[in-house]
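Reviewing the structure listed below.
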Amino acid sequence: MNYIASSGLLFKDGKKRIDYILVYRKTNIQYDKRNTFEKNLRAEGLMLEKEPAVANPDIMFIKIHIPWDTLCKYAERLSIRVPFRKKCYYTDQKNKSMSRQRGRDQATGRENYTLQKDIGEMGSHQHCGAENMISSTELFCLVSETSKFRVQNYFKRIKKWMSQNPMVLDKSAFPELEESDCYTGPFSRARIHHFIINNKDTFFSNATRSRIVYHMLERTKYENGISKVGIRKLINNGSYIAAFPPHEGAYKSSLPIKTHGPQNNRHLLYERWARWGMWYKHQPLDLIRLYFGEKIGLYFAWLGWYTGMLIPAAVVGLCVFFYGLVTMNESQVSQEICKATEVFMCPLCDKNCSLQRLNDSCIYAKVTYLFDNGGTVFFAIFMAIWATVFLEFWKRRRSILTYAWDLIEWEEEEETVRPQFEAKYYRMEVINPITGKPEPHQPSSDKVTRLLVSVSGIFFMISLVITAVFAVVVYRLVVMEQFASFKWNFIKQHWQFATSGAAVCINFIIIMLLNLAYEKVAYLLTNLEYPRTESEWENSFALKMFLFQFVNLNSSIFYIAFFLGRFVGHPGKYNKLFERWRLEECHPSGCLIDLCLQMGVIMFLKQIWNNFMELGYPLIQNWWSRHKIKRGIQDASIPQWENDWNLQPMNIHGLMDEYLEMVLQFGFTTIFVAAFPLAPLLALLNNIIEIRLDAYKFVTQWRRPLPARATDIGIWLGILEGIGILAVITNAFVIAITSDYIPRFVYEYKYGPCANHVKQNENCLKGYVNNSLSFFNLSELGMGKSGYCRYRDYRGPPWSSKPYEFTLQYWHILAARLAFIIVFEHLVFGIKSFIAYLIPDIPKGLRERIRREKYLVQEMMYEAELEHLQQQRRKSGQPIHHEWP
């Protein structure tokens with residue numbers, strides 16, 4: 001695509017391409033720093049050209065071009081891998097020969113069919129000439145053969161159409177995306193003759209050129225002093241207001257792409273990826289990598305893989321839910337609760353609560369059964385195995401991508417020291433054992449001290465989260481009395497639901513507010529540690545943000561799952577907070593309904609909020625920027641770099657927010673999935689939207705980010721594996737403690753009608769509800785009432801020798817819960833470990849191919865060097881050796 005000339009991404013001479021853009025305000029007084037910085041950039045070999053903005057006379061753009069010689073110098077310094085020899089495999093030659101043979105066979109088949117057809121026609125004509133007529137039988141046979149041939153062709157077309165996967169992209173729509181068919185090696189000016197250089201302007205890709213320019217911008221001084229270096233500091237102090245690589249042109253065109261083709265790669269990405277109409281298509285990962293770099297390409301590859309793997313999880317979760325929906329009316333527990341018209345539950349609060357009939361909880365009991373049925377344990381085990389399969393197959397997918405994108409040996413070659421680290425510890429140098437060159441070194445004592453300060457800050461912020469959760473718990477205790485005596489009859493009847501719903505909304509608001517503070521604290525603590533490389537900085541910052549937001553998001557859920565209603569005491573002797581507020585009990589139908597409500601509301605609201613902040617907010621800002629431009633100028637042609645300046649910059653933390661959102665969602669999908677089997681379905685629907693939303697945002701609403709390289713998703717893989725382990729533990733506790741699965745199991749085989757023998761057509765859970773409720777004498781409450789009320793617990797009745805003491809059944813259930821947790825965890829962890837062992841991270845064929853290529857590259861480098869020496873000897877008239885001298 002000749003997008004450079006068509007989009008005007010050239011210097012005024014019409015020859016030099018624009019590789020990077022710097023922006024500053026003319027009214028800014030720090031012109032000395034800018035002048036020194038620009039002078040040093042020119043001294044490093046860059047070419048600069050200034051041009052004022054069209055819409056705002058105060059804005060000045062600096063266009064940067066990197067010449068060929070400077071490109072080569074820094075490409076060698078950064079060990080940029082470039083192509084030097086065409087690949088050739090035996091299998092490729094075999095496939096080509098087979099395809100040629102297949103083509104000859106097909107051609108021969110067509111010739112034979114045509115010959116047979118001609119012979120048949122000749123025979124029929126001869127027959128007609130001899131007899132001067134054709135019989136009705138022969139006419140019928142001829143028509144039948146013709147119809148049969150047409151029907152066969154029709155079915156062939158249908159079969160061909162059905163074999164096409166509608167999700168697969170049409171590769172003909174990507175004419176410039178050719179598979180890498182060359183071996184690559186680190187660039188070297190001394191061996192430049194080894195490399196395939198057809199065109200110096202396109203030899204280094206746009207992403208590589210931008211990356212090299214940014215490397216120079218980050219290491220150029222603007223003042224005297226070791227720490228006065230880098231474009232990032234100049235932006236922070238206001239000398240410049242932006243620095244970015246330009247987009248390749250407009251993402252829309254008045255000409256249809258089907259007939260006129262794409263105008264540039266950005267236009268192609270919008271039409272084949274970012275449009276909402278492409279939601280069901282696979283992603284063009286190679287084009288994403290070419291335009292945005294490998295780091296962003298790996299993110300979208302991981303997101304697409306995660307979304308695809310959610311499909312079986314969502315289907316199984318939906319089946320478990322529908323199983324509960326179909327068998328809901330057949331549930332013995334729900335039937336007994338709905339028919340318990342004469343069973344009164346003890347008041348759930350001290351002042352304004354009255355006795356409540358058990359059958360008032362009929363709807364809640366049925367809803368609880370949707371999430372707590374016979375398929376819950378199976379689904380929890382399935383999701384634990386699913387998480388392992390997802391991560392193991394992603395490792396294989398990542399290895400294939402890193403091979404295809406030539407990233408196998410990148411990390412060892414190109415990981416450089418951060419300028420901030422270099423400026424801080426330039427006086428303390430050690431010899432790098434790999435390169436043999438001196439590098440800045442952080443003393444161990446300094447590193448440990450900074451880590452201790454950072455860890456202390458993390459624990460302080462986590463304690464702040466726990467304090468906020470405790471405040472919400474106190475709120476629930478205070479307002480439940482108020483809702484129980486509310487003037488609206490609906491709120492009064494469903495005061496527990498109102499209390500939980502209001503607490504969830506308040507908790508969500510607190511979560512969003514605390515997230516703003518966490519980001520600034522995490523940024524401060526990470527910079528305090530002075531990480532050595534960019535990847536170390538990103539990993540440290542990502543880990544802090546994950547810990548903060550994970551605790552912030554899940555602490556209230558952990559409270560409801562494992563603490564709500566566990567330490568309330570019993571009627572007549574309730575435990576109270578600060579000797580004032582009675583602790584909250586679970587609903588008569590169980591605690592699982594509160595957990596489902598908490599998870600569903602937070603997951604739904606957070607996804608809506610994230611989607612608005614990712615797309616809605618940039619849309620509003622970009623609309624306002626365009627509105628101001630339209631008011632300021634009329635009929636002016638705005639260049640591409642100025643249009644890019646009016647877009648929103650990518651988040652300063654890069655892809656951290658994108659990964660964090662998805663990893664937290666992964667935690668929601670797996671950690672408490674036993675309580676909410678619809679979580680994978682909600683995650684799948686959100687991710688289908690998320691992929692196109694992120695694509696639309698990157699292509700249309702954001703400035704072009706720096707094309708960075710990466711070999712994996714960083715620390716997020718380790719976090720995902722940790723979540724998978726935590727999910728097994730939490731689901732074991734949810735099933736054993738939060739749900740009623742274990743009490744029902746113990747009753748069914750120890751205390752129910754099937755304890756000693758199983759009768760045909762007899763429900764083994766008959767009488768379970770009455771067995772799970774204890775008695776309390778109402779006269780002990782001092783309310784002037786007599787009789788008995790019931791409450792959820794396994795305690796002795798008032799007339800027993802040990803009233804209100806735990807019964808033997810309680811200890812049986814407790815032992816069964818502990819045994820279930822141990823068995824469940826060991827079983828699932830064993831299955832996970834076995835599956836991880838069976839699935840290698842790198843496919844065997846790929847591992848052998850990588851080894852083979854390393855060997856061939858080394859041999860070819862030797863051969864190329866020998867050939868170069870022979871050519872030099874021929875020119876100088878010296879004797880030629882066919883072996884190494």
Are more than 12 heavy atoms from other residues, nucleotides or ligands located less than 6.0 Å from atom CD1 of Ile29? no
Verify, without hydrogens or angle tests, whether Glu49 (side chain) and Lys12 (backbone) share a donor-acceptor contact under 3.5 angstrom. yes
Between Asp19 and Ile66 (side chain of the first, backbone of the second, donor and acceptor by atom type, cut-off under 3.5 Å), is there such a pair? yes
Check for a donor-acceptor pair, side chain of Asn40 on one end and backbone N or O of Lys221 on the other, with a separation under 3.5 Å. yes
Classify the side-chain pair Tyr530/Asp446 by whether it contains a donor and acceptor separated by less than 3.5 Å. no
Donor-acceptor pair, Asn264 side chain versus Ala250 backbone, under 3.5 Å? yes
Just by distance, do the side chain of Glu218 and the backbone of Arg232 share a donor-acceptor pair under 3.5 Å? yes
Find out whether Phe244 and Ile21 are in side-chain contact, i.e. whether some heavy atom of one side chain is under 4.5 Å from a heavy atom of the other. yes
Do Lys295 and Glu538 have side chains that get closer than 4.5 Å, going by heavy atoms? yes
Report yes if the side chains of Leu647 and His247 come closer than 4.5 Å at any heavy-atom pair, otherwise no. yes
Is the shortest side-chain heavy-atom distance between Tyr24 and Leu234 below 4.5 Å? no
Strictly below 4.0 Å, N to O, side chains only: are Arg450 and Glu529 in salt-bridge contact? no
Can you classify the ring geometry of Phe541 versus Tyr523 as parallel (below 30°), tilted (30 to 60°) or perpendicular (above 60°)? perpendicular
Ring-ring centroid check Trp302 Tyr659, cutoff 6.0 Å: yes
Asn35 side chain to Tyr31 main-chain N or O, any donor-acceptor pair under 3.5 Å? yes
Those residues that, when tested against Glu44, pass salt bridge (Lys or Arg N to Asp or Glu O under 4.0 Å) (two or more places apart): none
How long is the straight-line distance from CD1 of Ile18 back to CZ of Phe61, given to the nearest 0.5 Å? 10.5 Å
In Å and rounded to the nearest 0.5 Å, what is the CZ to CD1 distance from Arg189 to Ile192? 9.0 Å
Results of side chain to side chain contact (heavy atoms under 4.5 Å, CB included) for Gln30 - residues two or more places apart only: Asn28, Lys33, Asn237, Ser239
Could you tell me whether Asp69 and Lys73 make a salt bridge, using a distance below 4.0 angstrom between a side-chain N and a carboxylate O? no
Regarding Thr27 and Asp58, do their side chains bring together a donor and an acceptor under 3.5 Å, going by distance alone? yes
Between Arg266 and Glu248, is there a side-chain N and carboxylate O pair less than 4.0 Å apart? no
Partner of Phe300 under ring-ring contact (aromatic ring centres under 6.0 Å, His included), chosen from Trp273, Tyr306, Phe292, Tyr291: Trp273
Pick out which of Arg211, Arg704, Arg17 makes a side chain to side chain donor-acceptor pair (under 3.5 Å) with Asn206. Arg17
Considering all heavy atoms, the nearest Ile231-Ala243 contact: CG1-CB, 4.0 Å
Could you tell me if the ring centre of Trp641 sits under 6.0 Å from that of Tyr20? no
Would Asn527 and Trp537 count as having a side-chain donor-acceptor pair, cut-off 3.5 Å? yes
State whether Arg289 and Asp286 are salt-bridged, where the test is any N-O pair (Lys NZ or Arg NE/NH1/NH2 against Asp/Glu carboxylate O) under 4.0 Å. no
Are there more than 12 heavy atoms of other residues, nucleotides or ligands under 6.0 Å from atom CE of Met60? yes
Does a sphere of radius 6.0 Å around NZ in Lys39 hold more than 12 heavy atoms from other residues, nucleotides or ligands, not counting ones at 6.0 Å or beyond? no
Go through the steps to decide whether Trp68 and Phe204 satisfy the test ring pair (Phe, Tyr, Trp, His ring centres under 6.0 Å), and finish with yes or no. CA-CA 9 Å; Trp68 171 254; Phe204 293 104; 5.7 Å; yes
Using atom types as modelled and distance alone, determine if a side-chain donor or acceptor of Asn539 lies under 3.5 Å from a backbone N or O of Ile715. yes
Minimal heavy-atom distance between Tyr222 and Val229, with the atoms involved, is CE2-N, 3.4 Å
Out of Phe460, Phe548, Phe546, which residue meets the ring-ring contact (aromatic ring centres under 6.0 Å, His included) rule with Tyr518? Phe548
Check this for me, if you would: do Glu721 and Lys395 make a salt bridge, where the nitrogen-to-carboxylate-oxygen distance has to be below 4.0 angstrom? yes
Side chain of Glu642, backbone of Ile638: donor and acceptor closer than 3.5 Å? no
